Amino acid sequence: MAAASSQIRAASLEEPLYYLYNIDSVIQWVRHHYEDIFSADEQYLLDTIQQLDITSRATLCRLIMRRGEWFRDDRLNYPEIGDINTPLRHLAEHDLIHYPAVCRLTELITLCRVAELRQLWAIHAEGPPPQGKDALLLQLSALDDGISRPLDEWWPTAPFQLISLRCQAIFDILKMLFFGNAQQDWSAFVLTELGHQRYEKVDLDDQHRAFANRTELDAFSAISALGEAHYLQLITPDQVLAHLPKKQAQLWIEYRRQKLLYRASHAIERQGRHQKALTLYRRCGYREAKIRQLRLMEKILPLPLVARYAGWLSKRAKRADWREAAEKVWVRSARKIGQSLPKRQRFSPQLQYIALEKPSYSVERVSREHFHQDEKPCYYVENALLPGLFALTFWEALFAPVPGAFFNPFQRRAADLYQEDFAARRSDIIAKAWHSMHQPNYSQHILTRYRDKAGVANPFAIWGLLDETLLEQALTCIPSAHLSAIFERMFSDLRQHSSGFPDLIQFNLTTGTYQLIEIKGPGDRLQDHQLRWLAYFEQHGIPAVVCHVSWHQP
DNA sequence: ACCTGGCACACACCT
DNA sequence: GCCCGCGCAG
DNA sequence: AGGTGTGTGCCACTGCGCGGG
Ligand SMILES: [Mn+2]
């Protein structure tokens, strides 16, 4: 039933109940694709929700879209719903909300204004109220005895009733199943309707889905929740480790898990628990973990041992960035213990120095103006241009309706974009695109596609920095052999090799040549991945230079 | 796909 | 009365 | 001074009204 998924479309904002239609259609979509993932109780809950009258459903949606689980009814003002009390009572009858809700004092006071808090203070405490909302909240919350009471026991003359939402969890599950991630929410519908976000239209895949089963959903959900709590420092890294799900078979979930494991390990290192951190780093596959492992070893282990391991890794590691990091550690530690090292010529980029008036805006922009001439136009492009050309060249592959790649209409990328077999699974389409690069109409082809796709969300093209003139000049001045070389390296690791491009590009319209320019202001320096691109550029005859800017004395 | 990613920048420490 | 941050809405 | 490592800040759609200082 391909029809069921293609029915997902953002409702028109002309509709007063557009948000209800959006959420309704998500519930239908999720039940169609994921009915087996729900428990019987959850299915019953969804039935209950779907069978409510339209006004009650709309009210529920309004509550769901607000922050938190506690609301006061005097703050709900929805003309399209009208009288809100009837729907609220309906929702309460089905236990989807509590209304009027009993509450603890802390739950009440977070919804009150300062003047109201002072009234509560007069009722529950002695003496003059503390100054300022924070102090008032703090001292009132000390009076919370953990018991929930009807509102009028806390505040007999309260001018409102409280609502507490009882079904947030099921909507979180619906959201996660529909979007396939933890961060998109209902606003995605509105933003696309408003045109602030555009997504590629892909034939959606009805046979596959983001989560294969409940275990995967629960694992991902736990990882997201732990990650957020850890970030907000609501839990310790040890608590993260204690609750971290087991190794996941689904690669994209496993990636998330490893990343969180790394974050927790890093936090433990910062606590000074070096041995523990080292053990964790060793069994963490996340890219950064290996690099931190090396640096930590250098810090706490006997140098001969470090030098031996780093020396080995600098030759054997699978990843170039690991080898590079290992080499740095190796050179340092071996030198310290007096080992003589074979002289290795390290790549150093071509340098240039200019002095400019200190600007009020960014050094990249003032440098761009410095270089810019009519016949030698210079643009600030950073990661917009070359990855942008990559996207335009391989667009059909990036958005090919490969099984399991696209589930919902709000994806900026294929689900498997960063998997190792991404290119292999699209080899035919990619081969065609490679071929197109060597055709005489390649430029036209790219420009046509640009007009068609500009604005469509994707991980490569930053549309705001591109325009037709820039693309046209780029396609004229950059030989397709150069582009091929760049695209090839991008394909070798789409996650790591989509950034680190130089700030500026300057074309010479007279000679039909170009140059990439990385700007470095005072105190700034090349990052490792920028240097790797520069080394690669040199290897392939791609003209690139690092330009150090200093300020004229005023 | 926003608790992240990509960048410059600030500061500490080393030689 | 001003400015700022936040929650909310489209 | 220059090389390093490490942590931080900014930017994410736009605009309104409210509450707080
Ligand atoms: Mn730069």
Side-chain angles (χ1 to χ4, degrees), chain A residues 10-16 18-19 22 61-63 65-68 71 75-80 111-117 131-137 179-199 210 223-234 252 256 259-260 263 266 269-270 288 291-292 294-296 298-299 325 328-329 331-332 335-336 362-364 380 382-384 387 408 410-415 417-418 457-459 462 464 495-496 498-503 518-530 548-549:
Chain A
S12 160
L13 298 177
E14 305 285 306
E15 294 283 352
Y18 70 91
Y19 55 92
N22 289 338
C61 290
R62 283 303 196 183
L63 298 179
M65 292 191 300
R66 282 172 166 238
R67 164 162 300 232
F71 314 98
R75 296 277 174 86
L76 304 180
N77 176 25
Y78 295 114
E80 83 281 3
L111 296 176
C112 292
R113 288 173 292 205
V114 169
E116 296 169 335
L117 291 174
Q131 280 301 306
K133 189 174 188 182
D134 286 347
L136 213 36
L137 281 174
F179 288 110
N181 60 55
Q183 45 285 335
Q184 280 177 297
D185 58 27
W186 315 112
S187 69
F189 286 88
V190 176
L191 293 178
T192 39
E193 264 307 280
L194 286 171
H196 284 130
Q197 291 172 351
R198 275 176 64 202
Y199 294 93
I223 291 165
S224 305
L226 287 170
E228 184 168 356
H230 183 240
Y231 175 80
L232 298 172
Q233 301 189 0
L234 303 174
W252 68 275
R256 289 294 178 148
K259 185 155 76 172
L260 181 55
R263 291 255 149 81
H266 200 358
E269 184 192 340
R270 274 187 296 226
E288 299 285 328
I291 295 167
R292 289 241 41 93
L294 277 159
R295 301 215 173 117
L296 187 52
E298 185 184 15
K299 199 163 149 189
K328 282 188 187 174
V329 172
V331 167
R332 269 198 305 264
R335 186 173 295 149
K336 271 191 196 152
S362 79
V363 59
E364 290 83 8
Y380 177 46
E382 216 167 54
N383 296 324
N408 71 55
F410 304 104
Q411 283 178 248
R412 67 205 292 269
R413 63 168 174 89
L417 179 68
Y418 298 124
N458 72 86
I462 302 165
R495 208 193 280 275
Q496 299 301 322
S498 296
S499 61
F501 292 95
D503 299 305
E518 169 58 36
I519 297 297
K520 286 296 163 202
D524 190 11
R525 53 184 198 259
L526 280 177
Q527 298 169 35
D528 288 345
H529 71 308
Q530 294 176 327
H548 288 274
V549 180

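Given the structure is predicted, the values throughout are model-derived calculations rather than measurements. Per chain, numbering begins at 1; letters A, B, ... match sequence-line order.
The pair Lys328(A)-Glu298(A) does not count as a salt bridge, with every side-chain nitrogen at least 4.0 angstrom from each carboxylate oxygen.
Distance check, rounded to the nearest 0.5 Å: CD of Glu15(A) to CD of Glu193(A) gives 10.5 Å. The CD atom of Gln197(A) sits 7.0 Å away from the OG atom of Ser187(A) when rounded to the nearest 0.5 Å. Residue Leu63(A) holds its CG atom at 6.0 Å from CG of Leu76(A), rounded to the nearest 0.5 Å.
dG1(C) sits 15 Å from dC18(D) when the C1' atoms are compared, rounded to a whole Å. Separating the C1' atom of dC3(C) from that of dA12(D) is a span of 23 Å, rounded to the nearest Å. Straight-line distance between the C1' atoms of dC8(C) and dT8(D): roughly 30 Å, to the nearest whole Å.
Taking the six-membered ring where the residue is Trp, Phe189(A) and Phe179(A) present perpendicular rings, their angle passing 60° and hence far from 30°.
Contact annotation: His266(A) side-chain N/O to dG7(D) OP1/OP2 distance is under 4.0 Å. Proximity of Arg270(A) to the phosphate of dG7(D): a side-chain N or O atom is located under 4.0 Å from OP1 or OP2. Put simply, Arg332(A) has a side-chain N or O that comes within less than 4.0 Å of OP1 or OP2 on dG5(D).
Residues satisfying the salt bridge (Lys or Arg N to Asp or Glu O under 4.0 Å) test with Arg113(A), not counting sequence neighbours, are Glu116(A). For the side chain to side chain contact (heavy atoms under 4.5 Å, CB included) test, no residue two or more places apart in sequence or in another chain qualifies with Arg525(A).
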**Prompt:** What string of B, S and - do you get for nucleotides 3-15 of chain B, 5' to 3', if B is base contact, S is sugar-phosphate-only contact and - is no contact with any protein heavy atom under 4.0 Å?
**Reply:** BSSSSBS------
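End-to-end axis angle of the helix from dT4(B)-dA12(D) to dT15(B)-dA1(D), from C1' rotation axes over five pairs per end: 20° (rounded to 10 degrees).
Looking at heavy-atom distances under 4.0 Å, Phe71(A) makes no contact with the nucleic acid at all. Across all strands shown, Tyr19(A) has no heavy atoms under 4.0 Å from either base or sugar-phosphate atoms. Within 4.0 Å (heavy atoms only), Val190(A) reaches at least one base atom of the nucleic acid. Residue contacts for Arg412(A): at a heavy-atom cut-off of 4.0 Å it reaches a base atom on one of the strands shown.
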Give every pair of a protein N or O atom and an N or O atom of nucleotides 9-14 of chain D that lie under 3.5 Å apart, one pair per line with the distance.
residue	atom	partner	partner atom	Å
dC13(D)	O2	His196(A)	ND1	3.4

With 3.5 Å as the limit, what N/O pairs link the protein to nucleotides 5-7 of chain C?
none

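Between the side chain of Glu228(A) and the backbone N or O of Ala225(A), no donor-acceptor pair lies under 3.5 Å. Not a single donor-acceptor pair under 3.5 Å links the side chain of Asp503(A) to the backbone N or O of Glu364(A). In this structure, Asn22(A) contributes its side chain and Ala11(A) its backbone to a donor-acceptor pair below 3.5 Å.
Gly180(A) approaches Ala210(A) most closely through the heavy-atom pair CA-CB, 4.0 Å. Residues Leu526(A) and Glu518(A) share a closest heavy-atom pair of CD2-CG, 3.8 Å.
Residue Arg113(A) contributes atom CZ, which lies 16 Å from atom C1' of dG21(D) at whole-angstrom precision.
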